[in-house]
Asker: 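Attaching a single structure in structure tokens format; questions to follow.
Just follow the structure's listing: the first ligand is 1, and inside any ligand the first atom is 1. Because only heavy atoms are used, hydrogens play no part in the values below, and waters and symmetry mates are left out as well, while side chains stay in.
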Amino acid sequence: METWEFTVTGAVENELTYSWREFNDLPRETQLQDFHCVTGWSRFDNEFTGVTFPTIVERAGVRDDAEHVVFGSLDGYTTNLPLDECLREEVLFVLELDGQPLPSEHGGPLRVVTPHKYAYKGAKWVTSVTFLTEPKRGYWELRGYSNTANPWAEERYSSL
Ligand SMILES: Nc1nc2c(c(=O)[nH]1)N[C@H]1C(S)=C(S)[C@@H](COP(=O)(O)O)O[C@H]1N2
Ligand SMILES: [Mo]
């Protein structure tokens, strides 16, 4: 945790870097959320505590031409979403699951959850958020999984 750093870069007014302690000082909230994996399983009523995506955006100030977001993780994983799909209270940077620090196998110390999208849109071990002026695909989006990933429409695969 001494070397952990979270960065907010790209098409923003203020690029930000948070240490672990600084990130933990951000306002947090607790939400009950469902979690849908593209392979067919779901886990319901997860109690997640964390910092909302809009909270980060308020502090960074996105530029007018920002349209897209790429999340980056310590394992090299990336995933992408349009900015408007991120500007939702339920897009959460999760610090705790069921009131306990998020276990590392589930992406601790910090992961993203996206209940309105399949779970591959939620980067585990997340350490960067980059705002872009044009779309860019992440790890699974480049390998045949749906770029849009709406579970209610069962958007599982892309027709590349
Ligand atoms: N950094 C990172 N995040 C990731 C992945 C990954 O391989 N690396 N896999 C994704 C996929 S496909 C799913 S289904 C969920 C799984 O989350 P869980 O391990 O908490 O069930 O994490 C997502 N986030
Ligand atoms: Mo998955």
Side-chain angles (χ1 to χ4, degrees), residues 1-10 16-20 23-24 26 28-57 60 68-132 135-160:
M1 306 325 272
E2 292 306 312
T3 57
W4 185 93
E5 244 182 24
F6 179 82
T7 60
V8 182
T9 55
L16 302 172
T17 303
Y18 291 98
S19 67
W20 177 246
F23 196 90
N24 277 269
L26 291 167
R28 45 174 93 183
E29 56 183 68
T30 297
Q31 301 179 5
L32 268 192
Q33 289 191 4
D34 298 338
F35 185 97
H36 308 288
C37 177
V38 66
T39 59
W41 56 269
S42 293
R43 190 180 194 272
F44 300 104
D45 294 331
N46 306 291
E47 188 190 299
F48 290 130
T49 300
V51 179
T52 70
F53 193 95
T55 298
I56 297 296
V57 162
H68 209 78
V69 177
V70 173
F71 299 91
S73 296
L74 289 171
D75 62 343
Y77 188 79
T78 54
T79 186
N80 63 285
L81 280 173
L83 177 58
D84 60 355
E85 297 273 20
C86 294
L87 293 176
R88 304 164 62 118
E89 291 297 315
E90 69 269 34
V91 175
L92 204 60
F93 293 94
V94 173
L95 293 155
E96 293 179 3
L97 169 62
D98 297 329
Q100 298 299 320
L102 182 66
S104 57
E105 67 264 35
H106 291 304
L110 188 72
R111 79 167 302 161
V112 181
V113 287
T114 55
H116 60 319
K117 297 289 173 184
Y118 282 123
Y120 60 89
K121 293 291 185 179
K124 303 197 278 190
W125 314 296
V126 67
T127 51
S128 71
V129 183
T130 306
F131 291 84
L132 301 174
K136 184 177 180 182
R137 289 186 186 219
Y139 184 86
W140 283 125
E141 293 87 353
L142 285 167
R143 289 167 177 79
Y145 281 101
S146 166
N147 196 29
T148 47
N150 175 2
W152 310 113
E154 299 200 42
E155 294 166 354
R156 297 175 196 275
Y157 308 107
S158 70
S159 47
L160 289 176

Asker: So which protein heavy atom does atom 14 (S) of ligand 1 come closest to, and at what separation?
Answerer: Cys37 SG, 3.4 Å

Asker: Please report whether ligand 1 has a polar contact with Tyr77, defined as an N or O pair separated by less than 3.5 Å (distance criterion only).
Answerer: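 No; the residue has no nitrogen or oxygen that sits under 3.5 Å from a nitrogen or oxygen of the ligand.
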
Asker: If the cut-off is 4.0 Å to any non-hydrogen atom of Trp125, which atoms of ligand 1 fall inside it?
Answerer: 1 (N), 2 (C), 8 (N)

Asker: Ignoring hydrogens, just give me the one of Gly138, Gly122, Pro103 whose non-hydrogen atom is nearest atom 24 (N) of ligand 1.
Answerer: Gly122

Asker: If I apply the N/O under 3.5 Å rule, does Trp140 come out as touching ligand 1?
Answerer: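 N/O-N/O distance below 3.5 Å does not exist for this pair.
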
Asker: Does His106, backbone or side chain, put an N or O under 3.5 Å from an N or O of ligand 1?
Answerer: yes

Asker: Can you see whether Thr79 engages Glu141 through a side-chain donor-acceptor pair at a distance of less than 3.5 angstrom?
Answerer: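 Judged by distance alone, the side chains do pair up.
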
Asker: Is ligand 1 under 4.0 Å from a heavy atom in the side chain of Trp41, in the backbone, in both, or in neither?
Answerer: side chain

Asker: Which atom names give the shortest non-hydrogen contact between Val129 and Val69, and what distance separates them?
Answerer: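 That would be CG1-CG1, 3.7 Å.
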
Asker: Do the side chains of Val57 and Thr52 get nearer than 4.5 Å, heavy atoms only?
Answerer: no

Asker: Could you walk me through whether Leu92 and Gln33 satisfy the side-chain contact (heavy atoms from CB on, under 4.5 Å) test, starting with their C-alpha distance in whole Å, then the side-chain angles of each, then the deciding distance to 0.1 Å, before giving a yes or no?
Answerer: CA-CA 10 Å; Leu92 204 60; Gln33 289 191 4; 4.2 Å; yes

Asker: Below 4.0 Å from any atom of ligand 1, is there a heavy atom belonging to Gly107?
Answerer: no

Asker: Below 4.0 Å, non-hydrogen atoms only: which portion of Tyr139 touches ligand 1? Side chain, backbone, both or neither.
Answerer: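 Under 4.0 Å from ligand 1, Tyr139 contributes no heavy atoms.
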
Asker: Any non-hydrogen atom of Arg43 lying under 4.0 Å from ligand 1?
Answerer: no

Asker: Please classify the Glu105 to ligand 1 contact at 4.0 Å (heavy-atom distances, strictly less than): side chain, backbone, both or neither.
Answerer: backbone

